[in-house]
Amino acid sequence: MTNEHDICQTPRRVAMIAYEDAHILDVVGPLEVLSGTKLFLPQGAAPYEISIIADRAGPVHTSGGFSLNADHSFRDAMAFADDVDTLMIAGGHGTLDAMKNEALMAFAAAAAKGARRIISICTGAMVLAELGLLDGRRATTHWWWCPVMAQKYPKVQVDADAIYVRDGRIWTSAGVTTGMDLALALVDADWGHDVALQVARYNVMYMVRPGGQSQFSAHLVASKAEDASIAKVLDYILNNLREPLSVTQLAAWACMSERSFARKFADETDMTPAQYVEAARFQAARVALEQTSAPVEQIARTVGFMNPSACAGCLSSTSAFQPPTTGQGSALAL
């Protein structure tokens, strides 16, 4: 529950670092969650004082083609760097260029020294890693960038499946909308569960989003298929994991010969049909193990594994979309 002392204290200063080609939702999504908190506190209470910091005050062009209005430049914001309660760094296509921006990195380092919390959204974690703030810590970023961060910054313990990770005063989130999930967790920590629940309802959000990043991967592969016949088959696989899903069956569903189907499938997904089916089953089993108390044997049958032991490694893997290397238990063999 929120207490009166928290309500009456000075609003927490939140500094969001933005830059050219940042993802607009990485910036405005978390800030919208934080700013909306005032609606559920006593009248007149201001929970957060929010500023967007960029190269210069004024328009900042984002990767979506929209512009945001920065309140302060990095140079001017140095005057209050010591007073920042929560430092937030957005992600986006411009992250790698942003990491070369000396003014940005200097402000981030200065504000991070005394900040109660340091937050990254999506690829903003790369900035924290470059500053050495993630050394020896668990962290996450967008699943596409997790392997890059793990290779470039080997001292970081990358969790490729987490929606967000808190390690001490540093919080990192995965891609785009997960920044809102993280912001909601900040509201919970600052103002209590009841207020956070009202903020979640207002924004039509999960209080705690089910699953991890891996739940999106098979569907992302399916969504990127350009060939309509292959896209139809991928959708069929995801919705019929209990079926045998043999190449003969899938080729017939696509109205192709088995040879043409296998070639087209590989072109679209960079996987064989067997690998995709195995990976989709593995992913579905992992999500079920995380979210339900159903017996392993039941989950195995539900996702199409003939052998329950195929589910054994589901929770231990941190890969965003990777089938078991043994191929055990699959009902499809090529």
Side-chain angles (χ1 to χ4, degrees), residues 1-18 22-53 62 64 66 68-69 71 83-91 115-122 124-125 139-142 159 161-213 215-216 287 290-293:
M1 293 291 293
T2 305
N3 59 61
E4 293 297 322
H5 175 72
D6 283 339
I7 291 173
C8 295
Q9 66 182 208
T10 303
R12 294 168 168 86
R13 184 186 284 272
V14 177
M16 169 66 85
I17 291 180
H23 196 299
I24 191 168
L25 193 56
D26 285 3
V27 179
V28 301
L31 297 186
E32 181 68 25
V33 171
L34 295 181
S35 63
T37 304
K38 65 180 180 290
L39 300 175
F40 306 100
L41 297 177
Q43 187 173 6
Y48 302 104
E49 180 184 346
I50 296 172
S51 299
I52 296 177
I53 320 295
T62 68
F66 305 99
L68 294 169
N69 192 66
D71 301 288
D83 299 325
V84 172
D85 173 87
T86 302
L87 174 67
M88 308 185 84
I89 304 175
R116 180 171 63 97
R117 290 184 302 219
I118 303 168
I119 312 296
S120 68
I121 314 300
C122 194
T140 193
T141 186
H142 190 285
D159 187 337
D161 192 46
I163 295 297
Y164 62 83
V165 170
R166 179 184 183 180
D167 190 326
R169 68 189 183 111
I170 298 182
W171 305 55
T172 54
S173 68
V176 195
T177 59
T178 60
M180 299 178 69
D181 294 282
L182 188 155
L184 189 60
L186 301 182
V187 172
D188 195 336
D190 289 345
W191 307 104
H193 185 74
D194 290 349
V195 171
L197 184 59
Q198 292 180 77
V199 173
R201 288 173 175 166
Y202 182 76
N203 287 286
V204 197
M205 295 172 60
Y206 285 112
M207 187 62 201
V208 178
R209 188 200 296 237
Q213 292 198 65
Q215 69 181 305
F216 305 107
V287 172
E290 290 175 339
Q291 297 181 20
T292 74
S293 58

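In this text, all values refer to a predicted model and were calculated from it rather than measured experimentally.
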Closest heavy-atom pair and its distance - Thr62, Ala22: CB-O, 3.1 Å

Only counting residues at least two apart or in another chain, list the ones meeting side chain to side chain donor-acceptor pair (under 3.5 Å) with Thr172. none

If I compare all heavy atoms of Cys122 with all of Gly175, which pair ends up nearest, and what's the gap? SG-CA, 3.8 Å

Would you say Asp85's side chain and Val14's backbone share a donor-acceptor pair under 3.5 angstrom? no

Report the residue from Leu186, Thr86, Thr140, Ile121 that forms a side chain to side chain contact (heavy atoms under 4.5 Å, CB included) with Trp171. Leu186

Gap separating the CG atom of Leu184 from the OG1 atom of Thr178, nearest 0.5 angstrom: 12.5 Å

Against Leu182, only a single residue in Pro30, Ser173, Ser120 fulfils side chain to side chain contact (heavy atoms under 4.5 Å, CB included); can you say which? Ser173

Could you work out, with ring pair (Phe, Tyr, Trp, His ring centres under 6.0 Å) as the rule, every residue matching Tyr202, not counting sequence neighbours? Phe40

Looking at NE2 of His142 and NE2 of His23, how far apart are the two atoms once the value is rounded to the nearest 0.5 Å? 8.5 Å

With rounding to the nearest 0.5 angstrom, report the CG to CE distance, Leu25 to Met180. 6.5 Å

Smallest heavy-atom separation, Ala90 atom then Asp26 atom, equals CB-CB, 3.9 Å

On a heavy-atom basis, the closest approach of Ala162 and Val165 is CB-CG2, 3.5 Å

Please collect all salt bridge (Lys or Arg N to Asp or Glu O under 4.0 Å) contacts where either partner lies in residues 162-171, sequence neighbours excluded, each pair once. Arg137-Asp167

Does anything in residues 195-204 pair up under salt bridge (Lys or Arg N to Asp or Glu O under 4.0 Å), and if so which pairs, sequence neighbours excluded? none

Show me the pairs that pass side-chain hydrogen bond (donor to acceptor under 3.5 Å, both in side chains) and involve residues 33-51, at least two apart or across chains. Tyr48-Asp190, Tyr48-Trp191

Distance (rounded to the nearest 0.5 Å) between Ile17 CD1 and Leu87 CG: 5.0 Å

Reference residue Met88; test side chain to side chain contact (heavy atoms under 4.5 Å, CB included); the match among Val27, Ile53, Ile50, Leu34: Leu34

Indicate yes or no: at least one non-hydrogen side-chain atom of Asn69 is less than 4.5 angstrom from one of Ile52. no

For Asp181, all residues meeting salt bridge (Lys or Arg N to Asp or Glu O under 4.0 Å), sequence neighbours excluded: Arg209

